[in-house]
Every structure is written in structure tokens, then in C-alpha cells.
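So the structure is just underneath, and the comments pick up after that.
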Amino acid sequence: MKKKLIFLFAFAFVLLMFSSISKASYEEKIYKYDENIYINEDGSMDVEEIITVYAGGNKIQRGIYRDFPTKYKDKYGNKVKVKFQVDEILKDGEEEPYHTERVNNGVRVYIGDSNKTLSHGMYTYTIRYSTDRQLGFYEDYDEIYWNAIGNGWEFKIDGGTTKVYFPEKVKIIEDKIIAYSGAYGETGESNAYSYYYSKYDNCVTFNLMKSLKPQEGFTIAVAFEKGAIPEPDFKTKLGWFIQDNAGGIFAGVFFIVLFIWQFITWKKCGKDPKKNVIIPIYYPPEGLEPDDVKYIDKMGSTEKAFEAIIINIAIKGFFKFEKEKSKMVIVKTEKDSYDEMTKFEKQIYDSLDDRTVLKYTESLQKKLFKLQTKQKERLKKKHTGKMFNLNNLYIGLSIGISAVFLTIAFIISMIVGEDPADIFAGAVIIGIMGFISWIIIFVFKVIFKCIFKRIWKYILGIIVIPVLLFDLVLLAVIVYEFGTMFMISGLLIIASNIIYPFLIRAYTKEGMKVKEEIEGFKLFIKTVEGDEAITKTPEMFDKYFAYAYVLGLENDWADKFEDILKAANYEPYWCDPVFYTTGHFNASHFSSSFETSMHSGISSASSAPGSSSGSGGGGFSGGGGGRRPEEADGKI
């Protein structure tokens, strides 16, 4: 009895060991990867891959897939698209169903029936396909540089052979036969292979002699003498270039046409009348309020225009700026001679409370938004078309036609095989990059304007230059990564449509006369010397301060009157001294406090209230291979 128990235990142990050995012997991996490459006399290639795998129901359930890269870039960043055509696929010598899908840089071939699960066991897949444009043509020799076993396989690969058959007339350069193995990006010759060159059938055979880990590949290179296989001529390369970059070329041609059209329309409608020599003028154009001056000076801009009217009402004696805790308050005075105010100023005066705290509330936002809208409509009706023409029809045509042709170019790019995700990703990255750069510059502008006063523009330039240089470098990287032709053409079209609206607008003769007067007044503000013809007084300072403010020259205006204001111990009647702490009125300190307070109540009014509110494959497994992308030859 004891002997029987020992025998049973021993028998069970043997069965367990046999089961473990059997299981280990047949893990899911590639047991052999053989490849036969036939190079034709015209430079095209026919390839046969024989892959032996064990399907254990883990990663391999219905079959395998094979990725073949068809999209490369030449050294200039241009798209290169090679041919890939499946000729035959077999499993254990019998035809096997398959289907192809586009992937990031090429084609994925799914081999097997998605509705049929494989029994556990060993299978041999044969993949036959043809391709072209895989040879490299160099100054001293030509070469095949081929990723025989791609880095995309998820299994170990025990070994295999790669045979390269050349046409009879091709002479191999035997000291330029080499192979590499390892993870993607590793350099250095492999020590895991041997090769043999047979002159009889003009074939180089590479034997992979050690296992590859998952994501490791095997690349071979064989050089041969020039001339045996004709290098594509200029006409052929040009045809390939047009085919590979059809969308970008179409967009480039359209940009040239668009540029010519924009230039013609600019010559016709966008040139200002001749400007006379500007001389200092001691007052702003007659009959124009501060917001009128800004609107005409910047052809439609209302930046700081609403705030300037608030200041102007205060200077006329109807408002005073006081402080309540940390907030600025607009307080109505007892002055009741309303005839001094314009119609729009009266609307502002009547809309605000007796004490209006410049702090965001929904009711204040609605009031300010409504008033700003009225201001813009009034200025547009009063000046657009009379003082200047924006030529919005031409701008709309330019943008609309550009959108249509960019869409067509995008569709062409997809038809010829470019990945729309690449184009979209490049555009998104450029957009984000531009937005972040704008935010950085804007934030530093606000900070430097408060800290450095008069020299803030120069300090800001120190920040702007490296930001722009970084943007240019990053832009170059993105353009190269996502394709030179389409990205450059698209960026040029977008840039031309950004610049064009500024060029196509033009002053009328009457508008140019007023513009000259504004420029003369600005020159007077900026020029400290040469004011002997006028008597500067605190009253003059007050009268034109809102104009200087809206033109962004309030500090220059204050400097111009500095001595006079000090001598008069000037304290403006329209502003509480708490907003300037230097002992006398300081325009920079007041503007900073005023803008900060106004923004807390007015910034949200720039938009209407309420306008904003808070691998698949199903059981297929595989990998890739093909020509090394960094060696693509797309030169013309």
C-alpha cells in the first residue's frame, strides 16, 4: 500500500512537471520570423514574410496584425508616401481573410476572421506584399535600409532569417553589409546576427541568432554600386512630390492667388490719402469727444473709450471718484447744469446710481454692457464710412474663400493618404501656443505698466523677444513634425487673413484731415519743449486729461504739466487724494487705481450677460516593420 501511494505521488508530480514544461514550451511568442525580399530592376520590391506563432488565447485570439509604415518625411520635412499593396495572405498554406485600416503613419493589416476564435496551437502566417520607393540613392552608393522586424511586436521573437535578393546586374558592396537590433532609437551594430552573401543567386542572408524582447526590432542594411538600379529622375520625383503633398501644394497655390488678390484690392481701396507733415496742435480736433478721438485714431477701436467718457464727466464736475474700503466709488455731485454734457454722457449719468461702487454685480454688468453697446453703435454710425472705410466686404470675401479652399486642401490631403489628425493636432498646438504667448505678454504688460511707468514698453520688449523666438523655434518643430507644405501654406493663408483687415481699411480725405489733427495733438502731448506759444494751466490739464488718457498718454500729459501742478499745489476736484499718495496728483497712480476699479465692474461687460457658463482590434496582436523613417528619400 505504501509503495502504491509513493507511485501515485511520483506519477502526479511527473504529470505536473510535464504540464508546466509543456505550458512553458508553448507560450505566446513568435518562434520564427523569416523574410524574403525581392528587389526588382525598377527599384520596387516584393516581400514575403513567414511568421510562425503560438496562439494561446491570451493576446492572440483570432489572429495577428501587421503594421506597415507608408508615411515618412524627407530631410526637408516634406511628406513621402510609399506604396503598400497586399498580394496574398495565407495561414498554414491556405488563404486567410484579412482587412486593412489606416493607422498613424501607415497601414495595419488584420489577419484572421473577427468572428472566429483560433484553437490553441502553432500557426504559420505568410504575408506577401509589394512596395516601392524604399531604396536610398546616395552620392557614392545606393542602399536598402530595411526594418525587417519592426519594433511594434508585443511578443518575444526567438529568431529568423532575412534574405535580400538583388537583380543579377547589381553588384553588392560587401564591406557595407550591416544589421542592427534592439529597442527603437538604439544605435550600434548588432552582435546577434550573422550574414552570408551568395553570388550564385545574388542574395544576402541575415540570420538572427538571439531572441528579441517585446518592442525590439531587427534592421538590415546592404549597399550596392550605383547605376545598376536607375535612380528616379527629376520628373518622377516631382510627380511623387506633388502626389505626396497634394493638399499642401493646393493650399500653397491658393495662397499665391489670395496674396495677389489682396494686393490688388489693397492698391484699389486700402491706401490712405497722402498725409501732410505733422505739426504740434494744442488741442484735440474741434467737436470730438475723447471716445470719438480714439475711434478715429485707431479706426474703430473703443479700448478705454468708455472709461474716458466717465473721466470726462467727472472733469466737467458731475462725478467725483472717492474710495469706499478698497473699492473706487463714482459719486454724483450737486452740479445740475446738464447742458455741459453730451447726449451720451447724460445717458451714462442717468443710468448710474448716486453712489456707484465699481464692483461686479449682475445689475451693474447689464447697465455697463448696455451703455458700451450704445457707445459702439453711436461711434460706428457717426464715423465709419465717413472718416474711414473698413472694407468689410473684402475682408469677408477673403476669409470665406480661404475657409472654402483650406477645406478643399484638407480633403485632398486625406484622399492622398495624409492623416487629418496630424493636421488638426498641429493646428491645435499652434493655436494653444499663440494663446499662451498672448497671455504671457498681456500679464507682463499689466505688471510692467504699473511698476515701470514710462519705460514699461522697453522692459516688456525684453520679455517679448525671447517669447517670440521660442514661438518661432516651436513653430518650426511643429511644421516639421506635421508636414511642411500643408502647415506652412495654411499658416501663410491664416496670417494673410489676420494682416489683411489692417491693410485694407483706409481713411477718407476728411478722415485723414482729422487724423492729422489727432497726430498733431499727440505730438503736442509728447513734446515737452516748444510750448512758448501757450500758457499751461491746471485748467488746461483737466480739460484735456480724458483725451490724453484715451490715447494712452496720460503720463506724458502729467509730465508736461508737472512743474505747474506742483507750483499750484494742484489737487483735482474730481478725484479724492487717496488715489495718489505722492503729495501731488500722479496720473500713473490714478490711472492704475481707476483702471483696476473699473475693470472689477466693467470687464465682464465685454460680453453679453448670460453668454457663458461656468488597441483595439478584438483579439488580434502583432507589430510592424518596414523602411526606417529617418532615411526616407524624397528629394527632387
- Message: Working note: Tyr165 + Met45, criterion side chain to side chain contact (heavy atoms under 4.5 Å, CB included); need CA distance, chi angles, decisive distance, verdict.
- Response: CA-CA 10 Å; Tyr165 294 88; Met45 288 170 36; over 6 Å; no

- Query: Which is it for Lys59 and Glu154 under the salt bridge (Lys or Arg N to Asp or Glu O under 4.0 Å) test, yes or no, and what are the steps along the way?
  - Reply: CA-CA 9 Å; Lys59 291 182 178 180; Glu154 302 173 22; 3.7 Å; yes

- Message: With side chain to side chain contact (heavy atoms under 4.5 Å, CB included) as the criterion, how do Phe206 and Ile178 come out once you've worked through the C-alpha distance, each side chain's angles and the decisive distance to 0.1 Å?
- Response: CA-CA 9 Å; Phe206 293 87; Ile178 196 170; over 6 Å; no

- Stepwise side-chain hydrogen bond (donor to acceptor under 3.5 Å, both in side chains) check, Asp46 with Tyr129: CA-CA 6 Å; Asp46 297 309; Tyr129 58 88; over 6 Å; no

- side chain to side chain contact (heavy atoms under 4.5 Å, CB included) between Tyr141 and Glu143: does it pass, once the steps are laid out? CA-CA 7 Å; Tyr141 60 90; Glu143 182 186 59; 4.1 Å; yes

- Show your working on side chain to side chain contact (heavy atoms under 4.5 Å, CB included) between Ile60 and Phe155 and close with a plain yes or no. CA-CA 10 Å; Ile60 303 178; Phe155 322 105; 3.6 Å; yes

- Task: Would you please test Glu231 and Lys237 for salt bridge (Lys or Arg N to Asp or Glu O under 4.0 Å) and show each step?
- Result: CA-CA 10 Å; Glu231 182 176 353; Lys237 289 183 178 181; 3.1 Å; yes

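In the displayed structure, Lys156 atom NZ is contacted under 6.0 Å by at most 12 heavy atoms of other residues, nucleotides or ligands. Other residues, nucleotides and ligands place more than 12 heavy atoms under 6.0 Å from the NZ atom of Lys91. With a 6.0 Å radius and a threshold of 12 heavy atoms from other residues, nucleotides or ligands, Lys213 has its NZ atom at or below the threshold.
A heavy-atom distance below 4.5 Å is not found between the side chains of Pro167 and Asn202. Here the side chains of Leu212 and Ile30 are not in contact, with every heavy-atom distance at 4.5 Å or above. Using a 4.5 Å cut-off on side-chain heavy atoms (C-beta onward), Ile39 and Val164 make contact. Between Lys83 and Ser130 the shortest side-chain heavy-atom distance falls below 4.5 Å. Contact annotation: the side chain of Phe224 approaches that of Leu135 to within less than 4.5 Å [non-hydrogen atoms, C-beta and beyond]. Annotation: side chain of Phe259 is not in contact with side chain of Leu492 (no heavy-atom distance under 4.5 Å). You'll find the side chain of Phe166 reaches within 4.5 Å of the side chain of Ile144, heavy atoms only. Using a 4.5 Å heavy-atom cutoff, the side chains of Ile157 and Phe218 are not in contact.
The two residues Gln61 and Asn58 come nearest to each other via the heavy atoms NE2-O, 3.1 Å. Smallest separation of non-hydrogen atoms from Gly248 and Ser489: O-OG, 3.1 Å. Of all non-hydrogen atoms in Glu41 and Pro230, the two that sit nearest each other are O-CD, 3.5 Å. Minimum heavy-atom separation, Ser402 to Leu258: OG-CD2, 3.5 Å. Across all their heavy atoms, Asn497 and Gln262 have their closest contact at OD1-NE2, 4.0 Å. Asp142 and Ile229 get closest at one heavy-atom pair: OD2-O, 4.2 Å.
The CZ atom of Arg66 lies 9.0 Å from the CD1 atom of Ile111; values are rounded to the nearest 0.5 Å. Rounding to the nearest 0.5 Å places CD1 of Ile51 at 10.0 Å from OH of Tyr125. Rounded to the nearest 0.5 Å, atoms CD (Glu48) and CD (Glu35) are 9.5 Å apart. Between Trp261 atom CH2 and Phe254 atom CZ the span is 9.0 Å, to the nearest 0.5 Å. The distance from atom CG of Asp132 to atom CG of Asn40, rounded to the nearest 0.5 Å, is 10.5 Å. The OG1 atom of Thr205 sits 8.5 Å away from atom OH of Tyr196, with the distance rounded to the nearest 0.5 Å.
In this structure, Lys199 fails the cation-pi test against Tyr197, since its NZ or CZ atom is not both closer than 6.0 Å to the six-membered ring centre and inside 45 degrees of the ring normal.
Below 30°, between 30° and 60°, or above 60°: for Phe68 and Phe84 the angle between ring planes is below 30°, a parallel geometry. The aromatic rings of Phe250 and Phe405 sit parallel to each other, their planes meeting at less than 30°, with 60° as the upper class boundary. Between Phe263 and Trp266, the ring planes are tilted. Angles from 30° to 60° get that label. Ring geometry, Trp438 versus Phe435: the interplanar angle falls under 30°, so the pair is classed parallel (tilted spans 30 to 60°).
Contact check on Arg133 versus Asp244 returns a salt bridge, with a Lys/Arg side-chain nitrogen under 4.0 Å from an Asp/Glu carboxylate oxygen.
In this view, Ile498 and Ile494 satisfy the side-chain contact (heavy atoms from CB on, under 4.5 Å) rule, not counting sequence neighbours.
Within the 3.5 Å criterion, the main-chain N or O of Pro214 finds no donor-acceptor partner in the side chain of Lys29.
Side-chain contact check for Tyr54 and Glu27: no donor-acceptor pair (N or O, by modelled atom type) lies under 3.5 Å. Side-chain contact of Thr161 with Asn207: a donor-acceptor pair under 3.5 Å is absent, judged by distance alone.
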